[in-house]
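Structure, as structure tokens:
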Amino acid sequence: MEKVFESERIDFVKPTMDLIPDYLVMVNDIENVAKHIGPRREPYTLEEEEKYMRDKIDNDATMFSMIERSTGKFIGNAEFFDRKGDDAEWGIAITGSMQNKGFGKEALRRMIDYGFNDLGLERIHLGVYVTNERAFHVYQECGFREFHRNKVDIFMDIRKEGGNE
């Protein structure tokens, strides 16, 4: 696996087809993961996940698989989506067995730094389901501010210090 950068406990690596079994476990975990990343309720097939990941790899998406350094265990994926100039949307999925261990907050803080200092972003934004209170509070703790809300989603952003408001 090709490490791109790291944080205290996490190696951020380029996605790889070798991790497809881990990706499938994560995205098909309705209770712990899938309900927070989209409305789909039927399991993703091996073929669907291979096609999705092949597209990400072939298009050099700004996606990173997160690996726990001390154990080599798969944690999840984080990505900057829809990069337009100095603006990008951020998303994360953490596999059920690695949740509630502080990896989300650690990953978010490191990805903010990577986005602003390595990618040259000035603004990072995200959407979180209203029902995902735990994630909403983590985003607030990491400096994101709410700029819009509807019945389903909360939209938040963070700007590079000294950037345009």
Side-chain angles (χ1 to χ4, degrees), residues 1-83 88-115 118-119 124-144 152-156 158:
M1 286 182 270
E2 182 183 342
K3 182 166 73 170
V4 180
F5 57 94
E6 62 187 27
S7 63
E8 183 180 338
R9 300 176 297 154
I10 303 169
D11 286 335
F12 293 80
V13 302
K14 289 193 176 260
T16 171
M17 299 302 278
D18 294 340
L19 289 173
I20 292 280
D22 293 304
Y23 300 152
L24 275 172
V25 167
M26 179 176 67
V27 298
N28 286 328
D29 180 348
I30 300 296
E31 188 57 35
N32 296 304
V33 181
K35 72 179 184 180
H36 298 299
I37 61 174
R40 183 177 173 140
R41 289 292 181 246
E42 64 274 358
Y44 286 91
T45 66
L46 175 63
E47 294 76 22
E48 287 172 319
E49 191 64 17
E50 286 175 342
K51 182 178 185 296
Y52 177 80
M53 291 311 300
R54 176 60 50 212
D55 181 62
K56 294 290 184 182
I57 292 167
D58 289 349
N59 290 297
D60 199 25
T62 317
M63 172 189 267
F64 304 98
S65 293
M66 298 175 291
I67 306 298
E68 184 179 31
R69 185 173 309 113
S70 65
T71 65
K73 288 183 182 176
F74 173 74
I75 298 168
N77 289 333
E79 180 174 8
F80 288 110
F81 298 91
D82 299 325
R83 285 177 56 196
E89 181 175 358
W90 187 76
I92 189 170
I94 296 178
T95 200
S97 65
M98 300 301 274
Q99 292 181 6
N100 301 311
K101 298 180 181 189
F103 289 120
K105 188 184 295 184
E106 181 178 334
L108 177 57
R109 287 184 170 144
R110 183 61 180 96
M111 291 283 293
I112 290 168
D113 178 69
Y114 182 80
D118 293 84
L119 299 179
I124 300 167
H125 61 98
L126 59 85
V128 60
Y129 287 136
V130 170
T131 56
N132 194 349
E133 292 178 26
R134 181 176 57 178
F136 175 74
H137 292 295
V138 168
Y139 298 142
Q140 283 184 314
E141 286 178 35
C142 291
F144 280 78
V152 177
D153 297 299
I154 302 168
F155 299 95
M156 306 176 80
I158 188 170

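Note that this is a predicted model, so its numbers are computed, not measured. Count residues from 1 along the sequence.
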Determine the minimum heavy-atom distance between [X] and [Y], stating which atoms define it.
{"X": "Glu106", "Y": "Glu8", "answer": "OE2-N, 3.2 Å"}
{"X": "Asp11", "Y": "Lys3", "answer": "OD1-CD, 3.2 Å"}
{"X": "Ala61", "Y": "Glu79", "answer": "CB-OE2, 3.7 Å"}
{"X": "Arg110", "Y": "Glu6", "answer": "NE-O, 2.7 Å"}
{"X": "Ala107", "Y": "Ile92", "answer": "CB-CD1, 3.9 Å"}
{"X": "Pro15", "Y": "Met53", "answer": "CB-CE, 3.3 Å"}

Minimum side-chain heavy-atom gap [X]-[Y] below 4.5 Å:
{"X": "Leu126", "Y": "Ile154", "answer": "no"}
{"X": "Arg83", "Y": "Thr62", "answer": "yes"}
{"X": "Phe12", "Y": "Ser7", "answer": "yes"}
{"X": "Leu46", "Y": "Leu24", "answer": "yes"}
{"X": "Met66", "Y": "Phe103", "answer": "no"}
{"X": "Arg69", "Y": "Ile10", "answer": "no"}
{"X": "Gln99", "Y": "Arg134", "answer": "yes"}
{"X": "Cys142", "Y": "Ile112", "answer": "yes"}

CA sep, side-chain torsions, deciding dist, call: Lys14, Asp60, side-chain contact (heavy atoms from CB on, under 4.5 Å)
CA-CA 9 Å; Lys14 289 193 176 260; Asp60 199 25; 3.3 Å; yes
Starting at [atom1] of [X], measure out to [atom2] of [Y] and round the result to the nearest 0.5 Å.
{"X": "Lys73", "Y": "Met98", "atom1": "NZ", "atom2": "CE", "answer": "6.0 Å"}
{"X": "Ile75", "Y": "Arg9", "atom1": "CD1", "atom2": "CZ", "answer": "7.0 Å"}
{"X": "Ser65", "Y": "Lys56", "atom1": "OG", "atom2": "NZ", "answer": "11.5 Å"}
{"X": "Asp113", "Y": "Leu108", "atom1": "CG", "atom2": "CG", "answer": "11.5 Å"}
{"X": "Phe80", "Y": "Glu89", "atom1": "CZ", "atom2": "CD", "answer": "11.0 Å"}
{"X": "Ile57", "Y": "Glu50", "atom1": "CD1", "atom2": "CD", "answer": "10.5 Å"}

Should the heavy atoms of other residues, nucleotides or ligands under 6.0 Å from NZ of Lys101 be counted, would the total exceed 12?
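Counting neighbours around NZ of Lys101, more than 12 heavy atoms of other residues, nucleotides or ligands fall under 6.0 Å, so yes.
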Taking everything shown except Glu133 itself, do over 12 heavy atoms lie less than 6.0 Å from its CD?
no
Can you confirm whether or not the ring centre of Tyr52 sits under 6.0 Å from the ring centre of Tyr44?
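Not close enough - the centres of the two rings lie 6.0 Å or further apart.
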Please report whether the ring centroid of Phe144 lies less than 6.0 Å from that of Phe136.
no
Side chains of Thr95 and Tyr23: donor-acceptor distance under 3.5 Å anywhere?
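There is no such pair (donor and acceptor under 3.5 Å, judged by atom type) between the side chains of Thr95 and Tyr23.
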Are Gln140 and His137 close enough, and set up right, to give a side-chain contact (heavy atoms from CB on, under 4.5 Å), and what steps lead you there?
CA-CA 5 Å; Gln140 283 184 314; His137 292 295; 3.4 Å; yes
Yes or no on side-chain contact (heavy atoms from CB on, under 4.5 Å) for Phe64 and Val13, after CA distance, side-chain angles and deciding distance?
CA-CA 5 Å; Phe64 304 98; Val13 302; over 6 Å; no
Check the pair His125 / Met156 against side-chain contact (heavy atoms from CB on, under 4.5 Å), numbers first and verdict last.
CA-CA 6 Å; His125 61 98; Met156 306 176 80; over 6 Å; no
Using atom types as modelled and distance alone, determine if a side-chain donor or acceptor of Asn59 lies under 3.5 Å from a backbone N or O of Asp55.
yes
